[in-house]
Student: 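The structure is given below, and queries will be raised subsequently.
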Amino acid sequence: MASQGLEKKHSIQDMIAQSRNKKGKKFIEKCMPIILVITALISVLTTIGIVMTLIFETFEFFQRVSITDYLFGTEWLPFSGSEPLYGVLPLILGTLKVSVIAACVAVPLGIAVAIYLSEYASDKTRRIIKPILEVLAGVPTIVYGFFALTFVTPILQELIPSLKIFNALSPGIVVGIMILPMIASLSEDAMSSVPNSIREGALALGATKLEVSLKVVLPAALSGIIASVVLAVSRAIGETMIVSLAGGATPTFDMNVTGSIQTMTAYIVQVSSGDAGYGTTIYYSIYAVGFTLFVFTLLMNLLAQFISKRFREEY
Amino acid sequence: GSETDEDATNANDATETAESGDAQLTGTVSGDGSSTVSPITEALVEEYAGVQPDVQVSVGVSGTGGGFEKFIAGETDFSNASRPIKDEEKAELEKAGIDYTEFQVAFDGLTVVVNPENDWAAELTVDQLKKLWIEDGTTKKWSDIDPSWPDEEIVFYSPGTDSGTYDYFDEVILDGADLENAATLSEDDNVLVQGVASDKNAIGFFGYAYYLENKDKLTAVTVDGVAPTNETIESGEYTPLSRPLFVYAKNSALKENEAFYDFMKYTLENAGEMAEAVGYVKLPDEKYDEGLKALEGLK
Amino acid sequence: MIKNEKAKATIKTPSPMTSEHIQTVEKNTVVQTKGFNLWYGDHHALKDINLDIKENEVTAIIGPSGCGKSTYIKALNRMVELVPIVKTNGEINYRGRNILDPSYEVEELRTKVGMVFQKPNPFPKSIYDNIAYGPRIHGIKNKKILDEIVEKSLRGAAIWDEVKDRLNQNAYGLSGGQQQRICIARCLAIEPDVILMDEPTSALDPISTLKVEELVQELKDNYSIIIVTHNMQQAARISDKTAFFLNGEVVEFDQTDKIFSTPRDKRTEDYISGRFG
Amino acid sequence: MIKNEKAKATIKTPSPMTSEHIQTVEKNTVVQTKGFNLWYGDHHALKDINLDIKENEVTAIIGPSGCGKSTYIKALNRMVELVPIVKTNGEINYRGRNILDPSYEVEELRTKVGMVFQKPNPFPKSIYDNIAYGPRIHGIKNKKILDEIVEKSLRGAAIWDEVKDRLNQNAYGLSGGQQQRICIARCLAIEPDVILMDEPTSALDPISTLKVEELVQELKDNYSIIIVTHNMQQAARISDKTAFFLNGEVVEFDQTDKIFSTPRDKRTEDYISGRFG
Amino acid sequence: MKYIDNTDVMKRMKSRLKMNKVWKSIFLIATGLALLTLVILLARIITQGAGYLNWDFFNNFGSRFPEKAGIKAALIGSVYLMLVIAPVSIILGVGTAIYLEEYAKKNKFTSFIQMNISNLAGVPSIVFGLLGLTIFVRMFLLGKSILAAGFTMSLLILPVIIVAAQEAIRAVPKEQREASYGMGATKWQTITRVVLPAAVPGILTGSILALSRAVGETAPLVVLGIPVILQFLPDGLLSQFTTLPLQIYDWAKRPQEEFQFVAAAGIIVLMIFLILMNSIAIMIRNKFQKRY
Ligand SMILES: Nc1ncnc2c1ncn2[C@@H]1O[C@H](COP(=O)(O)OP(=O)(O)OP(=O)(O)O)[C@@H](O)[C@H]1O
Ligand SMILES: Nc1ncnc2c1ncn2[C@@H]1O[C@H](COP(=O)(O)OP(=O)(O)OP(=O)(O)O)[C@@H](O)[C@H]1O
Ligand SMILES: [Mg+2]
Ligand SMILES: [Mg+2]
Ligand SMILES: O=P([O-])([O-])[O-]
């Protein structure tokens, strides 16, 4: 074997040496990083594109409506023939109502599901349930919209007689159902990435599963969980079809959740599928609202990143 | 598609009336606009596909305003509208150098409806409608309009503020005054139907087609003694709540795109019939002839 | 191999099978393993194990990788159950009660039989909270008592001086050796009876190793300690008895000095002289 | 520590510094490390290393965890560069050329200096594709030549008989020891000149360990081998020379039997006798 | 000097174990609740729409007659849309992920790109509609074509794919890369022959889930002005088309009650489409689960 090896030894290295220094290989090696940077830059260009699209028309809008009226006005009546008012606060409030209700539904449930899946369920159960929940996340939002309008609202009306057909409660709950899988799934990921050794450490002290889950795993995964919640809530803020269908179209500035509302997204849909004339102030207002929405979600996302950076656990 | 003979019978022999189907055309036609007009357009497109299968007609439903936006951007050949074009839009079109022609295609009778259990308000006058619908800062009860009516709160349902229907009602009934604040507004007329059908104290208004489809669940209110029917709307007797529906066509496209010209011709020839088929009211025949004449002039 | 039901009662009676009886005073048996078998699915990982662990002694478990050392000590506090495919039979009696009995609550068992793992695994919490975790779950909320427990445990684990000024800092800021001693302290805080240690120094540097070894020697005054190690010198240095495992069997179990000077089994000798493993 | 510029030319001249000169015939130096330093960021991980690796010898590197063994052998094929914060100075000459020279193509170097890792790391591909990987990336596409290379390499790694009937099965279906020999075969497939092995048996069972050790002994006929091990008996069994690393320094480098019988340095002695590590 | 009182510990043990049981059921119920919602949702849709599901429904274009209305154009349109979105978003997404994971140095620029990506993931879809209208429909003169809509949707799901691909690439053990470099492989060879093959399952799973989100999106298409009424199938990527959710939305707004059921039938088709995609993703995930 030895002698044969020696003999052949040079042949392979020779073959290698021959094929080395082929131009193509070096060229690819040099080019790929450049091509890849370009693909990476597309996401940056997208953001720039979004900001640009929004900013020009928003600028036009603020030529017509003063920024302070927009930011601090408590009445949003763009269609009023006599005296249109563009105070964005009712739209923001509508958005917040829906998001807060959604969070109230989705956060406790989602975390409970995550704990169940990550700490209690068997591997097999988890592997069955997680994808089913993902289906729930993939249900198109118009389906949820009709679900809210034709199923959840009537049920809620039985319970709360004063509830209007359009209200914040029903779409809030349904948006909560929609974002629940996101919280459950991402929190589950965060919790399962807590190393088993830490769990074992607690179990070896005589802790019950509940104590391990709540006092060790949950705190250790907290940053991931909070980040998932923030992301899910920013999804709720951006949700469009559910609130357009079931939330109504009356921006109100009060804390009532049983009456009709309008969210920022629903307003954009209303106008962009509606009757407003091109070039009118109403038309430009959707860009201003879109920009506001963008800033909102941007802040939420920065918050999520801040949280997950600031509180990242090292294990 | 599968537009077979059976299809044609269902369509009241619409295909047979089309005499323009001799020369087989190809090309694309694109339109957008009012959701109110869209059922008529859909019926037309469906039938036209049987006549000229190689002409690709596509129509979006972005609302009247959204339709004009795309029309102004030059993306569409025609734009459906449930109201006449606005001055801003005219100006923008001029700026964009787009010449257009307005065609009327049908009437939509706005129908005021109440719950079938409501036996007091089945006949209203325009003045009563005003009283009902204009915002006056109070919470209205039926007894506020007429003391003999029940002492119960009125529940209002109206199409969304951004719809042509709302605009039209606001203009002709309310003279531009603000609509009752307590009204539930929806972009989806089915929701209004549901709302009124389920509440004895409800009142609402929407397109005639939605009433026709839900006759058994709703009572149509007569306005100044006239009930909304095909006849009263076509004859103009049902005033002021019937409004014309429009198609705006781009002149240059009519000239250059034979398929588009042919489709518009087909539209004007069959719009009346199709309108009735989907729950609207046809115009008097002269109107369509006028349209066809105008169209010919643009070829 | 040893088979005595009531070691407690046994008086010094020389026997060829139970070499620990040679000692003058027989200590109490804390954990008695009798005919214990364990399977991972089809894999028979522990075969008919019989071992008696005595009070206040350090028992070392040695053997090549994969021979079942970790599996065995994890069986003693039923941590091995965390692997769903595990099946067992036989008996493991802790202070006379069979812990494999399903009615034996594992949580109760584990407060008695503490464990220190191979890789330091402190919780991502402050040092203080790490130590106080155990007492807290057992219902001790009084801040003063907790403070005392924390100090006592950290002292017990010979790390008090190094961390006393930063009890509120995250335990992850410490070095590996310090973390391991925090884990030992955490284990001491619930005052267990037996402490299981699975290669506690294998991830540590020489100086930390030394510290932990010294600590083990001190702890045996109050606790019974079972320590798995791959470092034979370590076993020789710190243990009273040594069990040599091979392929899931106990090949030899005896006084440590005997195992290392005059092993009875050829395989033990081969292993100790580094011929494999 | 050794400092000889041209070991190749040196003739047997007894010297207190270069103990390998005691051998009758001086072998060629393959890899010569001269005043080599390495930093991970601020951490000075290797300090002024001077070592000569001879042809057709097995050189063992021993030392406690974290002393820089892995770092050193990873420096020899510049794998250490994969850690972005690494900085180096000094010289590492492979067959007379300084590999630290930026103009030295790492790809070329690594076809000459192969490596086997601590944890078996076959690719999740078939056995055949694992072995053929190296030749293929270097442009050998001819199926017949590849077949030959695969067979020869698997034979060379003493695993041909075990896998010849299932070359198309995934390498992950093999046991740890077989996987490690697949990795060795993969390395042989490009017929390197030097083979670096970083604790190649630490994850293996005793029997697999034995097989790999025998293999190493055979391979040294054709290759120069540098092997890191934490198992001192292993170093004693299979290596010709041994270097003892401590805290990033070479404490002692000598004939293996000398290191283990009469170490010059107290620290070496302490380590070998298991007093730490 | 014992702090832990044994009898006390034993007393508390019972209540602690009970709490554990109680909460376990609570967690289980929460999970059940989530699943129940899905069941109700599906049951309603199926009871409403199943009657309209027949061959004609798949083979007909839209119609003013509910019984003749079909989903052909929308279904084929959605498939076409996928044909654009899948390659565009996966190529861009994986390219970006490779750059970030394998090439990018840890510097400000990289973390800026990373931050930008996670921000994009949170931008409401309707805003992407506005972007697509301005850039693809108007600026690039693509019109309301499959290509314009496809590009818009690709950007919408791009962040999701990037993140999934990054995770999949990161999950490939360092040892695999080292093995390849150790053989003298270049970086690109290592990426294409070792890293990507190992990461493919993760990338595909993430991508399919992202794509299934794109299938169900309505809002951005409404903004782009994608038509709903058409009687032809797309004949190229620049052709006009419509999609399932748009068609469903249009039907649901019709006055005739029967159209509600047609809409439900459409939803069933859409859900089957989605579940099919999800199942493929799960199959891939289970088949190629990590083996390192
Ligand atoms: N979770 C598990 N599932 C299946 N088999 C397992 C599992 N854990 C361990 N084993 C198998 O059981 C045997 C004993 O493993 P164990 O971990 O107890 O060995 P060990 O002696 O502790 O080895 P080491 O020194 O490497 O820690 C091994 O063959 C191992 O492959
Ligand atoms: N990627 C890295 N970044 C920073 N420091 C490192 C890195 N890798 C190793 N080190 C440090 O360099 C020193 C030497 O590490 P190295 O891995 O070479 O040790 P070793 O002798 O191989 O130990 P072991 O026996 O544990 O493998 C250690 O202090 C280690 O902490
Ligand atoms: Mg072990
Ligand atoms: Mg190492
Ligand atoms: O869609 P509209 O008819 O309300 O403009």
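So you know, we letter chains A, B, ... as the sequences are listed, proteins then strands, and number each from 1.
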Student: Which bit of Ile190(C) is near chain A, if near means a heavy-atom gap under 4.5 Å: side chain, backbone, both or neither?
Tutor: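 The side chain, not the backbone.
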Student: If you measure from CD on Glu107(C) to CG on Leu203(A), what distance do you get to the nearest 0.5 Å?
Tutor: 8.0 Å
Student: Is the number of heavy atoms from other residues, nucleotides or ligands under 6.0 Å of Asp221(C) CG greater than 12?
Tutor: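 Correct, the count exceeds 12.
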Student: Could you give the distance from CD1 (Ile85(C)) to CG (Asp123(A)), rounded to the nearest 0.5 Å?
Tutor: 11.0 Å
Student: What part of Pro122(C) gets closer than 4.5 Å to chain A, counting heavy atoms only: side chain, backbone, both or neither?
Tutor: backbone
Student: Looking only at non-hydrogen atoms, find the nearest pair between Asn77(C) and Ala204(A) and report the distance.
Tutor: ND2-CB, 4.2 Å
Student: Examine whether an atom of Arg78(C) lies under 4.5 Å from a heavy atom of chain A, and if so say whether it belongs to the side chain, the backbone or both; otherwise answer neither.
Tutor: neither
Student: Report the distance from atom NZ of Lys125(C) to atom CD1 of Ile198(A), rounding to the nearest 0.5 Å.
Tutor: 10.0 Å
Student: Hey, does Tyr133(C) have a side-chain heavy atom less than 4.5 Å from the side chain of Glu211(A)?
Tutor: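 In contact.
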Student: Would you give the length of the straight line joining atom CG of Asp129(C) to atom NZ of Lys215(A), rounded to the nearest 0.5 angstrom?
Tutor: 11.5 Å
Student: Do Asn121(C) and Pro195(A) touch side chain to side chain, with heavy atoms closer than 4.5 Å?
Tutor: no
Student: Name the option with the most non-hydrogen atom pairs under 4.5 Å to chain A; the candidates are Met115(C), Arg186(C), Arg110(C), Glu105(C).
Tutor: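 Looking at each of Met115(C), Arg186(C), Arg110(C), Glu105(C) in turn, Arg110(C) comes out on top.
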Student: Restricting to non-hydrogen atoms, name the atom on Gly206(A) and the atom on Thr111(C) that form the minimum distance, rounded to 0.1 Å.
Tutor: CA-CG2, 3.9 Å
Student: Under 4.5 Å from any heavy atom of chain A, what part of Val116(C) do you find: side chain, backbone, both or neither?
Tutor: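 Answer is neither: Val116(C) stays 4.5 Å or more from chain A.
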